[in-house]
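Notes to accompany the following structure.
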Amino acid sequence: ELSPAVNFALRISFYCLLCVVSSALTAPVCLLVNGGRTVKNMRIIKTVVKTFKYFFGLRFEVKGLENFKVEGPAIIVSNHQSILDMMGLMEVLPDDCVQVGKKELMYTGSVGLIIYLGGVIFINRKSTTSAKMVMAEVAKTMTTENVKVWVYPEGTRNCTGDLLPFKKGAFHLAVQAQVPVIPVVYSSFTTFYNPKKNLFTSGKIKVEVLPPIETKGLTSDDVSDLTDRCFRTMRETLFRLSGHPSEAKESS
Ligand SMILES: CCCCCCCC/C=C\CCCCCCCC(=O)SCCNC(=O)CCNC(=O)[C@H](O)C(C)(C)COP(=O)(O)OP(=O)(O)OC[C@H]1O[C@@H](n2cnc3c(N)ncnc32)[C@H](O)[C@@H]1OP(=O)(O)O
Ligand SMILES: CCCCCCCC/C=C\CCCCCCCC(=O)OC[C@@H](O)COP(=O)(O)O
């Protein structure tokens, strides 16, 4: 019998190795098929990543995929619990959708390369001014290039079973581009994944794509309200999907 700590470390190491090796093998395919950095590579990356769940005994139960079928661009916002989220992301990712990621991800070797090739938009979280500039540029290009943008509005991983307060960048982006916000909620991983307790077993993840929230006619004055509304809807959904009262819910 391996100790829980060793078992956990092995499983996480295996996940990272899988990512590194698959990226190294997939990057040349992306280059050969699509020639360089483009959102079209996401289809290839998605196909590869969707096989990962079988190695870890993870199952996804997805509802509401029809809510992605809006005409034209949209901002997709979802909760962010762990590095394992890449599996859940690829499970539902619609075509022509890029993600916003921290620029540090560029320096993860082959994983950084595959993320770059997939068209991920890199922001410097330590500089609000430069992050805002990058996102304003994205607001312009998403309409001309007809792409959706996936943002984790918590801005960092959070595996507590609750949501962190939302950053406003995603909602400014939606209002600037006058495109709908589509919330996606993943049930809490806490029953099968908890790094603090060295827990990483098989498990089921419920995913719900919620109806789009329109932003037509909203201005920058409405961004705070839009953010709050989205936060409340997603938090309710998170608790409903996770099927157990979170600590934060009990204490508030
Ligand atoms: C083949 C095998 C492959 C295997 C390997 C797998 C490969 C998979 C491939 C591909 C998947 C790739 C997956 C990538 C995943 C990456 C995940 C991450 O990295 S998550 C971290 C980074 N993401 C974010 O942080 C976004 C969310 N953040 C924001 O949007 C923030 O708002 C940000 C950075 C823009 C600013 O953050 P602030 O910390 O300064 O906080 P604030 O409160 O939001 O803003 C400060 C003030 O600025 C205003 N503001 C913000 N944005 C604005 C804007 N655009 N225009 C005007 N004002 C704005 C706000 O209203 C606020 O002002 P007032 O408090 O309201 O007065
Ligand atoms: C040759 C160089 C070798 C470098 C080795 C790097 C190994 C990296 C291996 C696997 C990483 C797989 C996960 C892929 C994507 C993870 C995206 C992610 O979840 O990033 C975290 C970020 O959202 C939030 O950051 P923080 O919670 O603020 O921190």
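Side chains are part of it too, since the values below use all heavy atoms of this structure and drop only hydrogens, waters and symmetry mates. Indexing begins at 1, ligand by ligand and atom by atom, following the structure's order. Residues: numbered from 1 along the sequence shown.
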Any idea which atoms of ligand 1 are less than 4.0 Å away from a heavy-atom of [X]?
X: Gln99; answer: 10 (C), 11 (C), 12 (C)
X: Val100; answer: 16 (C)
X: Arg125; answer: 21 (C), 22 (C), 25 (O)
X: Met42; answer: 10 (C)
X: Ala131; answer: 34 (C), 35 (C)
X: Leu105; answer: 16 (C), 19 (O)
X: Met90; answer: 8 (C), 9 (C), 10 (C), 11 (C)
X: Gly155; answer: 21 (C), 24 (C), 25 (O)

- prompt: Does Phe192 have its ring centroid less than 6.0 Å away from the ring centroid of Phe200?
  reply: no
- request: Just jot down the side chain to side chain contact (heavy atoms under 4.5 Å, CB included) partners of Ser127, sequence neighbours excluded, or say none.
  value: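 In terms of side chain to side chain contact (heavy atoms under 4.5 Å, CB included), with neighbours along the sequence ignored, Ser127 is linked to Asn124, Thr129, Ser130.
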Proximity flag [X] to ligand 1, non-hydrogen atoms under 4.0 Å:
X: Gln176; answer: yes
X: Ala136; answer: no
X: Thr156; answer: no

Closest approach of any protein heavy atom to [atom], naming residue and atom:
atom: atom 60 (C) of ligand 1; result: His172 NE2, 3.7 Å
atom: atom 19 (O) of ligand 2; result: His80 CE1, 3.4 Å
atom: atom 20 (S) of ligand 1; result: His80 CD2, 3.9 Å
atom: atom 13 (C) of ligand 2; result: Ile83 CB, 4.2 Å
atom: atom 32 (O) of ligand 1; result: Gly169 N, 2.8 Å
atom: atom 20 (O) of ligand 2; result: Leu105 CD2, 3.6 Å
atom: atom 25 (O) of ligand 2; result: Lys102 NZ, 3.0 Å
atom: atom 17 (C) of ligand 2; result: Met86 CE, 3.8 Å
atom: atom 45 (O) of ligand 1; result: Thr128 CG2, 4.3 Å
atom: atom 44 (O) of ligand 1; result: Lys168 N, 2.7 Å
atom: atom 19 (O) of ligand 1; result: Lys102 N, 2.9 Å
atom: atom 4 (C) of ligand 1; result: Ser23 OG, 3.7 Å
atom: atom 27 (C) of ligand 1; result: Tyr152 O, 3.5 Å
atom: atom 21 (C) of ligand 2; result: Arg157 NE, 3.6 Å

Would you mind checking if [Y] and [X] are paired as a salt bridge, meaning a charged N to carboxylate O distance below 4.0 Å?
X: Lys69; Y: Glu66; value: no
X: Lys148; Y: Asp96; value: no
X: Glu154; Y: Lys167; value: no
X: Glu104; Y: Lys126; value: yes

Quick one, [X] and [Y] - any side-chain contact, counting heavy atoms below 4.5 Å?
X: Pro212; Y: Asn67; result: yes
X: Met106; Y: Lys103; result: yes
X: Val92; Y: Phe68; result: yes
X: Trp150; Y: Val98; result: no

- request: Specify whether the nearest protein heavy atom to atom 15 (C) of ligand 2 is under 4.0 angstrom away.
  value: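 At least one protein heavy atom is under 4.0 Å away.
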Heavy-atom contacts under 4.0 Å between [X] and ligand 1: side chain, backbone, both, or neither?
X: Arg157; value: neither
X: Val223; value: neither
X: Lys167; value: both
X: Ile123; value: side chain
X: Met86; value: side chain
X: Glu154; value: neither
X: Ala170; value: backbone

field: Within 45° cone and under 6.0 Å: Arg11 NZ/CZ vs Phe56 ring
entry: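 That pair does not qualify as a cation-pi contact.
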Test item: Gln81 side-chain N/O and Ser187 main-chain N/O as donor-acceptor pair under 3.5 Å: yes
message: With a 3.5 Å distance limit and no angle check, can you tell me whether Asn34 reaches the backbone of Leu31 through a side-chain donor-acceptor pair?
response: no
query: Nearest 0.5 Å, what's the CD1-CE distance between Ile121 and Met142?
result: 8.0 Å
- request: Any atoms of ligand 2 less than 4.0 Å from a non-hydrogen atom of Cys19? List them with their elements.
  value: 10 (C), 12 (C)
statement: Among Val100, Thr108, Asp85, Thr156, the residue with a heavy atom nearest to atom 26 (P) of ligand 2 is Thr156
- prompt: For atom 18 (C) of ligand 1, which candidate among Ser224, Ala139, Gly101 provides the closest heavy atom?
  reply: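 Looking at heavy atoms only, the winner is Gly101.
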message: Looking only at the side chains, is there a donor atom on one of Thr160 and Asn158 sitting less than 3.5 Å from an acceptor on the other?
response: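 Asn158 and Thr160 do have a side-chain donor-acceptor pair below 3.5 Å.
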Run the side-chain donor-acceptor check on residues 170-183: report pairs under 3.5 Å with partners two or more places apart or on a different chain.
residue : atom : partner : partner atom : Å
Gln178  : OE1  : Gly217  : N            : 2.8
Gln178  : NE2  : Val175  : O            : 2.9
Gln178  : NE2  : Leu218  : O            : 3.0

